[in-house]
2 protein chains.
Amino acid sequence: MEAQTSPARLPADFADGVFPAGCPSRTVLDHITSKWGVLILLALSEGEQRWSELRRRAEGISEKMLAQTLKTLERDGLVLRKSQPVIPPRVDYSLTERGYELSGLLVPLVSWAYNNADEILNGQR
Amino acid sequence: MEAQTSPARLPADFADGVFPAGCPSRTVLDHITSKWGVLILLALSEGEQRWSELRRRAEGISEKMLAQTLKTLERDGLVLRKSQPVIPPRVDYSLTERGYELSGLLVPLVSWAYNNADEILNGQR
DNA sequence: CAGTATCCCTAGAGATACTG
DNA sequence: CAGTATCTCTAGGGATACTG
C-alpha cells in the first residue's frame, strides 16, 4: 500500500505541517478528546441528562472526574448546566449549540472506533 | 437554548446510552484521541514522513513519546513503518488504508478545534 | 441527589545519555 | 538518523468520607 494524502484539508495555518506547541487549539483538543470528555459529550448528544444519569452512562467514571470534566466542558461553553433550587437537588446537563455542533464530529469518530475496535486490537485484516 | 438530540447516531449497541467500562472501543478511542496520537495521525494525513520530520511537526513531543505513539499506532494497523537498511538509517511513516480512513474523521475535528479555540478559551460568544 | 474535600499513589511524561 | 535505556518526578486519577 502506498502513502496517501487525505482529501480533507487542515486549516491553512497548518499548511507548513507544523502543530505549534503553544497553539490554543491544543488546549481545546485536549479537553474534547480527553478520556471522559468524549464520553460525556457523546452521552449528552442523546439529550439532556442528570448527574446520576451521566455517571451511570460513562461507566467507570469517578465523581471527581465527572465533576472536573463537566466543569471544563461548561467553562468551554460546550455544556449547559441547569440547576433547580429544590430538595433533593436536581441538575440537568445538556449540550450548548456549540457542543451540539462538536458532537456531530465526535459521533462518527466513536462509531468508527466501535466498528473497528475488534479488528484493530486483534490484528486481523 | 433547549436540549437537542444529535442527528448522527451512535452504534446500536450504545442504544441504552451506556458506554461499558470494558468495551474495546474505549481502548481504541484512547489511542486515537491521545494527545500525541491525534497530532501524528494528522501530520501523516499530509503524506509519508520521516521520524525527524514528525518530530519537528508535532512540536514539543519527546523522543520517548514519539516512539511510543508510533508503535501503538503501528500495532493498531493505522500507521505503516518502512525501514531502509542504509547508513544513515532512513525510516518512512505513512498511514495505512485504515489510518487514512480515520484521518478523514480526525481532520474535521482538529479544524473545528482550531477555528473555535479562541472563542472557547476567551469565552466570547 | 449532587456534589466537595482529602488522601494516596502510581502510571506516564519529560530530560538526559547512549547506540547501531 | 532513528531510535533505546534510565532515571526522575509530579500531576492526574481513584477511593473514601462528608455535606447542603
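Below, chains carry the letters A, B, ... as their sequence lines are ordered, and counting in each starts from 1. Fair warning: this is a prediction, and the values are worked out from it, not measured in the lab. Side-chain atoms are counted along with the backbone in the values below, which use heavy atoms only and exclude waters and symmetry mates.
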For A:Lys71 and C:dG3, what is the distance between atoms NZ and P respectively, to the nearest whole Å? 9 Å
Validation row: B:Asn116, A:Leu102 side chains within 4.5 angstrom (heavy atoms): no
Interatomic distance, A:Ile87 CD1 vs C:dC1 C1' [rounded to whole Å]: 10 Å
Residue pair B:Leu29 / A:Val110, side-chain heavy-atom distance below 4.5 Å: yes
Starting from P on D:dG13, measure out to NZ on A:Lys35 and report it in whole angstrom. 8 Å
CD of A:Gln49 versus P of C:dC1: gap in Å, rounded? 16 Å
When you get a sec, tell me which of C:dT4, C:dA13, D:dG3 is the closest nucleotide to the side chain of B:Gln68? C:dA13
Between the main-chain N or O of A:Met65 and the side-chain N or O of A:Ser62, is there a donor-acceptor pair closer than 3.5 Å? yes
Check whether any side-chain heavy atom of B:Gln84 lies under 4.5 Å from a side-chain heavy atom of B:Val91, and answer yes or no. no
Identify whether any heavy atom of A:Arg55 sits under 4.0 Å from a base atom; if not, whether one sits that close to sugar-phosphate; answer base, sugar-phosphate or nothing. nothing
In this structure, how many angstroms lie between the C1' atom of C:dA15 and the CG atom of B:Leu66, rounded? 16 Å
Reading DNA chain C from 5' onward, which residue's closest nucleotide shows up sooner: B:Ile61 or A:Ala67? A:Ala67
A:Glu74 has an atom CD; how far is it from atom C1' of C:dA2, in whole Å? 14 Å
A:Glu59 side chain vs B:Ala21 backbone, donor-acceptor pair below 3.5 Å: yes
Stem ranges for DNA chain D, with three or more consecutive Watson-Crick or G-U pairs under 3.5 Å? C:1-20 with D:1-20
Nearest-angstrom distance from the residue atom CG of B:Asp92 to P of D:dA2: 8 Å
Among all residues two or more places apart in sequence or in another chain, which pass the salt bridge (Lys or Arg N to Asp or Glu O under 4.0 Å) test with B:Arg56? B:Glu53
Treating B:Asp16 as the side-chain partner and B:Val18 as the backbone partner, does any N or O pair qualify as donor plus acceptor under 3.5 Å? yes
Looking only at the side chain of A:Met65 (C-beta and beyond, no hydrogens), which of the listed nucleotides D:dC1, D:dG14, C:dG3 gets closest? D:dG14
If you check the B:Tyr93 side chain, which of C:dA13, D:dG14, D:dG3 turns out closest? D:dG3
Over how many whole Å does the gap from B:His31 atom NE2 to C:dG12 atom P extend? 10 Å
A:Thr69, A:Leu44, A:Thr72, A:Thr96 screened by side-chain contact (heavy atoms from CB on, under 4.5 Å) with A:Val79, the one that passes: A:Leu44
Can you find a side-chain donor-acceptor pair between A:Gln68 and A:Trp36 that sits under 3.5 Å? no
For the side chain of A:Arg81, starting at C-beta, report the closest nucleotide among C:dG14, D:dA2, C:dG3. C:dG3
Check: protein-nucleotides 15-20 of chain D nitrogen or oxygen pairs below 3.5 Å:
residue	atom	partner	partner atom	Å
D:dA17	N6	A:Glu63	OE1	3.4

Side-chain ion pair, A:Glu46 and A:Arg57, N-O less than 4.0 Å: no
Hey, is the side chain of A:Arg50 poking within less than 4.0 Å of OP1 or OP2 on C:dA2, counting only N and O atoms? yes
